[in-house]
Structures are given as structure tokens and as C-alpha cells.
Amino acid sequence: MFEISFIPAFKDNYIWLLTQGKRAYVVDPGDAAPVQARLEADGLTLEGILITHHHADHQGGVAELKARWQAEVYAPGNESITGCTCPLSGGESLDVLGQNVKVMAVPGHTLGHLAYYVPGALFCGDTLFGAGCGRLFEGTPAQMSASLDSIAALPDDTLIYCAHEYTEMNLRFARAVEPENPALLARVAKVAALREAGLPSVPSTLAEEKATNPFLRCQEAAVVEAGLEHVISGRNGNAAQGAMAIHDHSKTEIFAAIRSWRNSF
Ligand code: ZN
Ligand code: FE
């Protein structure tokens with residue numbers, strides 16, 4: 001298996017660096033400069049770039065890196081990605097540094113959003129975060145909910161390599177949703193200690209996310225109740241959603257309620 005480390009970028013992005021000996025891939029290089037510096041410092045050769053979605057903080061460094069390294073660029077085929085050499089739509093298998101990597105379509109944050117899975121590790125961009133999930137810029141709650149379901153179906157020990165250090169902020173919201181969840185309170189303390197020591201809170205494990213991330217817990221009684229309460233209390237000010245809450249509530253509707261609550265939190 002290749003080794004995985006991170007290159008910090010911008011305020012809170014992680015660019016994941018995959019290495020096998022001196023061969024390297026990067027995931028979501030939003031900025032070329034820190035990647036270039038790391039490749040030079042470690043004497044690495046960049047062979048490929050994996051892109052999860054089109055936002056600038058994920059693909060902004062592609063043109064420069066591709067020009068320097070002639071690297072393959074794997075990216076969503078239905079999004080505008082500079083320098084894409086290998087358009088993907090999900091379902092493909094890639095050879096990345098000798099490992100079989102499965103491409104998953106996870107629409108929601110954007111419509112073409114992809115995640116890259118190798119047994120033990122998932123690179124999921126802005127779909128699943130530590131204790132949270134990405135905003136629905138392009139997709140519907142149903143799409144994002146289905147994408148999170150496909151991630152939740154992976155083995156529990158899968159490490160979740162998301163693209164941002166958002167966990168502490170997300171945990172504050174998760175506590176508002178589930179103030180009594182003991183696994184969540186334990187994670188709050190753990191993440192606070194990591195961040196205080198200047199360490200990243202990611203990767204987490206899928207098991208940890210399933211135990212603490214409200215967006216993966218839309219069928220838990222406490223989350224359902226909190227979601228409905230939020231809708232009914234009218235903090236969304238949306239009468240149609242209020243009517244939904246009274247009559248029925250699917251998992252997707254609870255997800256939508258929690259996601260919209262998070263937007264205004
Ligand atoms: Zn994004
Ligand atoms: Fe992002």
C-alpha cells in the first residue's frame with residue numbers, strides 16, 4: 001500500500017500526498033506551490049493527480065503541476081477541470097501506485113463529485129467531513145443522502161481523508177443536534193487535544209463518523225427528533241417543511257432538515 005501524508009494549503013485545506021518509494025500522486029491540489037515544495041524536498045516524481053470536484057481550492061494547482069510533471073489528471077468528466085486527461089464518472093477502477101482504486105460517484109456538494117477508495121482509505125473531498133458533510137451547492141438532499149449511504153456502506157475501519165480541517169466547528173453543531181451522545185462528547189475532547197497540539201483531526205475512521213456525525217445518523221431517534229424540532233420551531237421559516245414534519249419524515253427529509261439547520265448555525 002502507498003503511504004499517505006498531507007500537505008497543508010490555504011487556511012484549512014489538506015492536499016493528500018500518496019507515495020510509493022519516490023513515485024507520487026496528489027489528491028485535490030488547490031495550490032501548486034506547497035505541493036511543488038514538498039515534491040522537491042522529498043525528491044519525488046509526480047505521476048498523477050486525483051480530483052474530487054471542480055472548486056478552485058481543489059483544482060487550482062493542476063495546470064501548473066501538470067505543466068511541470070506531465071502527470072495524468074483524473075477528474076469528474078462532467079465538471080470543468082483544467083487539464084483533465086482522464087474523465088471519470090464513477091464505477092471505474094484505477095491503478096494508483098500499484099493499488100486498485102475504485103472511483104465512487106458521490107453527487108451532492110457538486111453534481112460530478114467523486115470519491116476515491118482503496119481498501120483502508122477513502123479520499124472524499126468535500127462530501128463527508130469530520131463530524132459533518134459538505135454544503136449542497138449543486139445537488140439535492142436526496143443525492144447527498146444517497147452519496148453518504150454509499151460511503152457508510154464501506155468497512156468501518158476505512159480512514160476518511162477529507163479535504164478540510166472543519167472537525168471542531170462541525171462538532172459544535174453535532175453537539176447541538178445530539179447533546180447526550182457519549183461518543184460525540186468523547187470525540188469533542190479528543191479533537192480539542194489534537195488541535196491544541198497543532199495536529200490534524202483527520203483522518204477519522206468511518207466507525208467514528210457513524211458514531212458521531214449527525215449526517216450519517218439521520219435514522220437515530222435523537223437526530224430525527226432534533227431535526228423535526230428544528231423544522232417545527234420554524235427557524236427555517238418554511239411552511240412547506242413544517243407540513244412535511246407533521247405528516248411523515250423520510251431519512252432524506254431528516255437529512256435535509258439537519259443540513260439546512262447547519263447552514264444557519
Ligand atoms: Zn468544494
Ligand atoms: Fe473545498
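Computed from a prediction, not measured in an experiment: that's the story for all the values here. We count ligands from 1, going down the list as the structure has it; atoms in each ligand are counted the same way. In this chain, numbering begins with 1 at the start of the sequence shown. Below, all heavy atoms of this structure are taken into account, side chains as well, without hydrogens, waters or symmetry copies.
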Angle in degrees, rounded to 10°, that NE2 of His164 and NE2 of His58 form at the Fe ion (ligand 2): 110°
Test: Arg135 and Asp126 ion pair at under 4.0 Å: no
Parallel, tilted or perpendicular: rings of Tyr166 and His164 (30°, 60°): parallel
Parallel, tilted or perpendicular: ring planes of Tyr74 versus Tyr25, cut at 30 and 60 degrees: parallel
Identity of the N, O or S atom of Asp57 lying closest to the Fe ion (ligand 2): OD2
Closest Asp126 atom to the Fe ion (ligand 2) [N, O or S only]: OD2
is_close_aromatic(Phe255, Phe215), centroid dist under 6.0 Å: yes
Atom name, Asp126 (N, O or S, nearest to the Zn ion (ligand 1)): OD2
His55 atom (N/O/S) at minimal separation from the Zn ion (ligand 1): ND1
Donor + acceptor pair across side chains of His54, Glu138 (<3.5 Å): yes
The Zn ion (ligand 1) to nearest N/O/S of His53 below 2.8 Å: yes
Contact check: Asp57 to the Zn ion (ligand 1), N/O/S below 2.8 Å: no
Taking every non-hydrogen atom, the tightest pair across Ala105 and Ser89: CB-O, 3.5 Å
Lys102 NZ: over 12 foreign heavy atoms closer than 6.0 Å: no
Heteroatom test (N, O or S) for His55 near the Fe ion (ligand 2), limit 2.8 Å: no
The Fe ion (ligand 2) contact by His53, N, O or S atom under 2.8 Å: no
